[in-house]
Amino acid sequence: MCILLPKIHNLLELVEGLRDGGLPVNEVMDYLRDLNSYYLVSRFPDAANGVLSEVYLGEDG
């Protein structure tokens, strides 16, 4: 089986492509939601809508 996925950085969109291809992905969805939020912010810091240290540590650091 060959599943072609788009070249994107959003893990949730990638796993949806796997689901559409017939692979069972329900077991990992909760983990990917958590991981995706950290991954996207580390890859694209502007996605944090703030200074990264404030996002992760709170404004008091």
Side-chain angles (χ1 to χ4, degrees):
M1 171 191 307
C2 179
I3 300 172
L4 298 176
L5 299 173
K7 294 180 180 181
I8 57 175
H9 295 288
N10 187 324
L11 301 176
L12 296 175
E13 289 185 35
L14 286 172
V15 80
E16 285 299 323
L18 296 175
R19 177 184 286 159
D20 293 345
L23 293 174
V25 295
N26 291 338
E27 294 179 15
V28 298
M29 287 304 291
D30 288 336
Y31 299 112
L32 285 176
R33 280 187 194 93
D34 290 338
L35 181 61
N36 196 55
S37 64
Y38 291 104
Y39 172 71
L40 285 177
V41 170
S42 66
R43 178 87 170 128
F44 305 103
D46 291 341
N49 293 325
V51 178
L52 286 180
S53 62
E54 293 174 2
V55 171
Y56 287 108
L57 301 175
E59 290 187 27
D60 296 332

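If you read the sequence from its start, that first residue is 1, and numbering goes on from there. Model, not experiment: these values are computed from the prediction.
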Participant: Can you name the residues that form a side-chain contact (heavy atoms from CB on, under 4.5 Å) with Leu14, not counting sequence neighbours?
Facilitator: Leu5, Ile8, Leu11
Participant: Any salt bridge (charged side-chain N to carboxylate O under 4.0 Å, His left out) pairs touching residues 17-28, not counting sequence neighbours?
Facilitator: Glu16-Arg19
Participant: What are the two closest non-hydrogen atoms of Asn10 and Leu12, and how far apart are they?
Facilitator: OD1-N, 2.9 Å
